[in-house]
Amino acid sequence: MTKKSLMWSNGSIVETTNNVSSLNFVMHYGSPAAWEGIRAYAQSERQNKLLGREATSIFKLKDHIDRLFHSAKIVNLESPFTKTEVEEACIALVQANGAGDLYLRPILYSNQDAESVRATDEKPSLDIYAFPVKDLHARKNKGISVSISSYSRGYPQFQMQAKTPGNYVLSQAVKSEMAASGMDDVLFLDNLGYVTEATVGNIFIVKGKVITTPPDNGSILPGITRDVIMRIHRCEGVSNGSIEKPLTRADVYTADEMFMTGTYAEVVPIVRVDGRLIGNGEPGPVTKGLAAQYEERVRNTYVK
Ligand code: PMP
C-alpha cells in the first residue's frame, strides 16, 4: 500500500478498502470486468529542473485507458465514467499520493451478484488502486530463466485481447509449474505451436539487429510497452525496425538475445529457455540499449 494508502472509488478519493462481496458475479465467473496496470514515474532531475518542480508523470495514460475501454467492450461492460473522467481520476490519485513511483490498478467490474440476489440493473463500479513499485533491478541486470509451458493459449484469440480477470487463470495455473521447475516465468504456446507470450508480458527475440515479436492478432495481449519498444527501435534506424511474425520454438532457442516487456516489469532480459542459453546467457547489447532508452523515456515524459 502507498504511504497514505488512498484509492479512487466511483468518483472519490478514499482510504484503500476492499469493496467487493464474495457473491460478486466476477468472483464466480471471471467476467464481466476489465482492468489495467499503469505506472507513474518520478521524473528525472533534468526534467524537474526544466519544470521547476518535482513531477510524477503517468506513462502512456491515454493508451492504458483506451485499452481499458476496449477490454470493457469485449466483455460487454459499460463504464459509468468517461475516458476523460478515468484519466483525470488517475491523475488525481497520483497527486493525492504525492511524488514518487506508483503502480495504478484501475478495475471496472460488474456489481451483479452470482445468483442475482441483488438487483441486476445496478451500475458497474470503477475502483483505482495505487501501489508502491518493487525494485526489479536484480532481474533486469541478470536476466531471467523461462520454460515453455505445458498449458497452451488457444484460438480464437479475442479473449486474450481483453485484460479481463478470467484471462489470467492460466497465468495463475502455471505458478505451480514455475515453482516445481525453479523458473522465473513461462512462455505459452498457441494451439498451432507458436510461442506467444509470458504470463504477464510480451516477448521479443533479437537476431543480429532485427527484433521480432509475435503479431498482435495472435493469442497475446497487445502490450503498450511492446508498442513503445517497437517505436524506439524504429526511431533508432537500426535495420527496418521490428518485425511482427509468429515465432517457433526453434526461432526462440536460436535467438542471439531475448527479452520480455510489460508495464510493471519494463524490459527484462530472458537468458535461458528450456535449459538452453540464449546467446551467451547474458543480457545482450540490443536488449540493454532498448531497456536504457525505455528508462530514459519514462523518466522524461514532458521534454524528450
Ligand atoms: N501480456 C499480458 C497477458 C499481460 O498481462 C501484460 C501486462 N499488462 C502484457 C502482455 C504486457 O502489456 P503492457 O506492456 O501493456 O503492460
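Atoms within a ligand are numbered from 1 in the order they appear, just like the ligands themselves. These numbers come from the heavy atoms of this one structure, side chains and all, not from hydrogens, waters or symmetry mates.
- Close contacts between ligand 1 and G262 involve ligand atoms 11 (C), 14 (O), 16 (O) [criterion: under 4.0 Å to a heavy atom].
- Of the N or O atoms in R67, one or more lie within a sub-3.5 Å distance of an N or O in ligand 1.
- Defined by atom type and a distance below 3.5 Å, a donor-acceptor pair is present between the side-chain atoms of N300 and S44.
- Near T261, the atoms of ligand 1 lying under 4.0 angstrom from a non-hydrogen atom of the residue are 11 (C).
- Note: W35 and Y168 have tilted aromatic rings, judged against thresholds of 30 and 60 degrees for the angle between ring planes.
- Between Y29 and F25, the ring planes are tilted. Angles from 30° to 60° get that label.
- G201 counts as a contact of ligand 1, since one of its heavy atoms falls under 4.0 Å from the ligand.
- Atom 11 (C) of ligand 1 has its closest protein heavy atom at N202 OD1, 3.6 Å.
- Atom 8 (N) of ligand 1 has K163 NZ, 2.9 Å as its closest protein atom, hydrogens excluded (heavy atom only).
- Among residue pairs with one or both ends in residues 282-292, those qualifying as side-chain hydrogen bond (donor to acceptor under 3.5 Å, both in side chains) are E257-T287; sequence neighbours excluded.
- Polar contact check, A198 against ligand 1: no nitrogen or oxygen pair lies under 3.5 Å apart.
- Distances from atom 3 (C) of ligand 1 to the heavy atoms of E266, R39, M260, E197 put E197 nearest.
- Among all heavy-atom pairs drawn from M230 and T213, the shortest one is SD-CG2, 4.0 Å.
- Atoms of ligand 1 found under 4.0 Å from any heavy atom of T263, numbered from 1 in the order shown, are 13 (P), 14 (O), 15 (O), 16 (O).
- Annotation: the span from D101 atom CG to Y41 atom OH amounts to 7.5 Å, rounded to 0.5 Å.
- Among all non-hydrogen protein atoms, the one lying nearest atom 5 (O) of ligand 1 is Y168 OH, 2.5 Å.
- The distance from the CD1 atom of I13 to the CG atom of N97 is 8.0 Å, given to the nearest 0.5 Å.
- Among all protein heavy atoms, the one lying closest to atom 6 (C) of ligand 1 is V200 O, 3.3 Å.
- Contact annotation: for Y264 versus ligand 1, there are no heavy atoms closer than 4.0 Å.
- The ligand atoms of ligand 1 that sit less than 4.0 angstrom from a heavy atom of G223 are 12 (O), 13 (P), 14 (O), 15 (O).
- Going from atom NZ of K245 over to atom CG of D251 covers 4.5 Å, rounded to the nearest 0.5 Å.
- Between the side chains of S152 and N191, no donor-acceptor pair of N or O atoms lies under 3.5 Å.
- For ligand 1, the polar-atom distance check finds an N/O of T225 within less than 3.5 Å of one of the ligand's N/O atoms.
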Test side-chain hydrogen bond (donor to acceptor under 3.5 Å, both in side chains) on T225 and K60; report intermediate values, then the result. CA-CA 9 Å; T225 320; K60 295 282 168 193; over 6 Å; no
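- Here is the list of ligand 1 atoms found below 4.0 Å of a heavy atom in T199: 3 (C).
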